[in-house]
Amino acid sequence: MKIRLTSVFVDDQAKAERFYTDILGFVKKHDVPVGEKDRWLTVVSPDEPDGTELLLEPVGHPAARTYRDALVQDGIPLVQFAVDDVRAEYERLRDLGVRFIQEPLEMGAVTTAVFDDTCGNLVQIATQPR
């Protein structure tokens, strides 16, 4: 069993596409119209183009919006991305204007930081324990 796809609910797919590609550095994998205004829009890591896809999913269902907004209100990230160096990525993203709600924090063998993805979610970046 493998994880092939996961998703984040976004307020605006075009805005999310720009943020996740231009700022975070993911690359677009699929972009297929669904209905009148939505898209099946996925991005992947440039290091793993055949790896796990992240679906930038419209937050159309009221339950999804309630869940996502409650996580943000409580300061809980919806998703976590692995990085080699949290401090370096924090500085790179901060210099690009990304708003962090948690600066790099060392917790034993793991360092984390949390930012606002501008599309309604909190995202955590973390080093992976070796």
For E103, is the CD atom crowded, meaning more than 12 foreign heavy atoms sit under 6.0 Å from it?
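Open.
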
Straight-line distance of [X] [atom1] to [Y] [atom2], nearest 0.5 Å:
| X | Y | atom1 | atom2 | result |
| --- | --- | --- | --- | --- |
| D69 | D74 | CG | CG | 11.0 Å |
| L122 | F100 | CG | CZ | 11.5 Å |
| R87 | T111 | CZ | OG1 | 6.0 Å |
| Q80 | T112 | CD | OG1 | 8.0 Å |
| T52 | L5 | OG1 | CG | 8.5 Å |
| T127 | D84 | OG1 | CG | 9.5 Å |

Can you name the closest pair of heavy atoms from [X] and [Y] and give their distance?
| X | Y | result |
| --- | --- | --- |
| C119 | A16 | SG-CA, 3.4 Å |
| G120 | V72 | O-CG2, 3.3 Å |
| V123 | D117 | CG2-CB, 4.0 Å |

Going through the checks in order, is the side chain to side chain contact (heavy atoms under 4.5 Å, CB included) test met by V8 and L54?
CA-CA 7 Å; V8 293; L54 180 65; 4.0 Å; yes

Quick check: is [Y] connected to [X] through a chain of hydrophobic side chains (ILVMFWY, heavy atoms under 4.5 Å apart)?
| X | Y | answer |
| --- | --- | --- |
| V79 | V59 | no |
| V98 | V10 | yes |
| L105 | V83 | no |
| V86 | F115 | yes |

Does the pair T118 and K15 meet the rule for a side chain to side chain contact (heavy atoms under 4.5 Å, CB included), with working shown?
CA-CA 8 Å; T118 74; K15 184 178 179 182; 3.6 Å; yes

Using modelled atom types only, decide if a donor and an acceptor are shared between the side chain of Q13 and the backbone of L56 within a distance under 3.5 Å.
yes

Please determine if R92 and E89 form a salt bridge, counting it only when a charged side-chain N lies under 4.0 Å from a carboxylate O.
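Yes, R92 and E89 are salt-bridged.
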
Check this for me: does any side-chain nitrogen of one of D11 and R68 sit under 4.0 Å from a carboxylate oxygen of the other?
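Yes, this pair counts.
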
Sort and list the pairs that fulfil ring-ring contact (aromatic ring centres under 6.0 Å, His included) and have at least one residue in residues 12-41, not counting sequence neighbours.
F26-F81

Please list all pairs passing the salt bridge (Lys or Arg N to Asp or Glu O under 4.0 Å) test where one or both residues lie in residues 26-36, with sequence neighbours left out.
E17-K28, K28-D31, K29-D50, D31-R39

Show which residues join V27 in its hydrophobic cluster (side-chain heavy-atom contacts under 4.5 Å, direct or indirect), or state none.
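Once heavy-atom contacts under 4.5 Å are chained together, V27 belongs with V44.
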
